[in-house]
Amino acid sequence: MIGSLMMCVSAVILLAGMLAGIVMGIKQDFALAPAHAHLNLIGGVLLFLVGLYYRLIPAAGSSTLAKVQGWLHMIGAIAFPVGVAVVILKGEALVAIPIGGSLIVVAAMALFTLIVFRTAYA
Ligand code: HEM
C-alpha cells in the first residue's frame, strides 16, 4: 500500500538529509541550508506523517486518490529541495525546477486535504 512506501521513502530521505546536514557542519558552509530544511521537512517529516495516516485509516490509504497523492508528494518532496539547491549553486536560470517542485508539493497537499476531509470522521 502507498502509505508503507511513503514511510520507507521518507526514512531514507531523512537519513540523507541528516547526513547532508552533517556535511554542511563539517564544511562550515551553510549555503544549502534551505534545501536541507525543505528536504527534511517535506520529504522526511511530512511524507512520513501522511504515510502513517494512510496506514492508520486504510479506507483513505487504499484509494486511487491516495496513490496519486503519494506519488505526487514523493516526486515533489525531492524535486523541490533539489531545485532549491540547483538555484543556490547554479543561479536563477533553472528556477523552473523549484517552481515546478513546489507546485507539485502543493497539489499533493491539496489532494491530501480532500482525502482527510473525506475520511477523518469515517
Ligand atoms: C543529523 C541531523 C541534522 C544535522 C547535522 C543538521 C544540520 C544543519 C545545519 C548545519 C544547518 C544550518 C545552520 C545554519 O545555517 O547556521 C541546518 C539548518 C536547518 N535544519 Fe538541519 N540538521 C539535521 C536535521 C534536521 C532535521 C531532521 C530537520 C527537520 C525535520 C532540520 C531542519 C532544519 C532547518 C529548518 C534549518 C534552517 C534552514 C535555514 O535557515 O534556511 N534539520 N541543519
Side-chain angles (χ1 to χ4, degrees):
M1 96 121 73
I2 191 72
S4 307
L5 178 65
M6 291 167 81
M7 288 193 290
C8 290
V9 169
S10 87
V12 173
I13 286 178
L14 206 45
L15 187 60
M18 286 179 170
L19 290 173
I22 289 175
V23 172
M24 281 197 299
I26 291 170
K27 290 166 75 177
Q28 288 293 293
D29 179 356
F30 306 120
L32 292 177
H36 157 87
H38 286 89
L39 184 70
N40 283 345
L41 289 168
I42 299 173
V45 178
L46 196 54
L47 185 61
F48 192 90
L49 285 176
V50 174
L52 195 60
Y53 181 81
Y54 291 156
R55 290 303 308 267
L56 276 176
I57 304 185
S62 58
S63 68
T64 304
L65 204 56
K67 284 195 189 75
V68 174
Q69 193 282 331
W71 278 105
L72 282 177
H73 193 140
M74 288 187 282
I75 292 165
I78 293 170
F80 179 38
V82 166
V84 169
V86 166
V87 168
I88 290 168
L89 296 173
K90 304 281 180 195
E92 294 287 326
L94 293 168
V95 75
I97 303 174
I99 290 175
S102 65
L103 291 176
I104 293 172
V105 169
V106 90
M109 201 57 220
L111 283 187
F112 186 60
T113 306
L114 181 64
I115 291 168
V116 168
F117 271 73
R118 277 186 181 172
T119 56
Y121 292 95

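All values below were derived from every heavy atom in this structure, side-chain atoms included, with hydrogens, water molecules and symmetry-related copies excluded. Atoms within each ligand, like the ligands themselves, are counted from 1 in listed order.
Cluster annotation: Ile57 is connected to Ile115 through the hydrophobic network of ILVMFWY side chains, with a link wherever side-chain heavy atoms come within less than 4.5 Å. Using a 4.5 Å cut-off between side-chain heavy atoms of Ile, Leu, Val, Met, Phe, Trp and Tyr, with links allowed through other members, Met109 and Phe48 fall into different hydrophobic clusters.
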Exercise. Hey, mind stepping through Tyr54 and Thr119 against side chain to side chain contact (heavy atoms under 4.5 Å, CB included) and telling me if it holds?
Worked result: CA-CA 10 Å; Tyr54 291 156; Thr119 56; over 6 Å; no

Exercise. Between Met6 and Leu52, does a side chain to side chain contact (heavy atoms under 4.5 Å, CB included) hold up when you go through it step by step?
Worked result: CA-CA 8 Å; Met6 291 167 81; Leu52 195 60; over 6 Å; no

For this session: Using the side chain to side chain contact (heavy atoms under 4.5 Å, CB included) rule, take Ile42 and Leu47 through it: C-alpha gap first, then chi angles, then the decisive distance, then the call.
Result: CA-CA 6 Å; Ile42 299 173; Leu47 185 61; over 6 Å; no

Check each N or O atom of ligand 1 against all protein N or O atoms and list the pairs under 3.5 Å, with atom names and distances to 0.1 Å, one per line.
{"from": "ligand 1", "atom 1": "20 (N)", "to": "His36", "atom 2": "NE2", "distance (Å)": "3.0"}
{"from": "ligand 1", "atom 1": "22 (N)", "to": "His36", "atom 2": "NE2", "distance (Å)": "2.8"}
{"from": "ligand 1", "atom 1": "42 (N)", "to": "His36", "atom 2": "NE2", "distance (Å)": "2.9"}
{"from": "ligand 1", "atom 1": "42 (N)", "to": "Asn40", "atom 2": "ND2", "distance (Å)": "3.4"}
{"from": "ligand 1", "atom 1": "43 (N)", "to": "His36", "atom 2": "NE2", "distance (Å)": "2.9"}

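No donor-acceptor pair closer than 3.5 Å links the side chain of His36 to the backbone N or O of Ala31.
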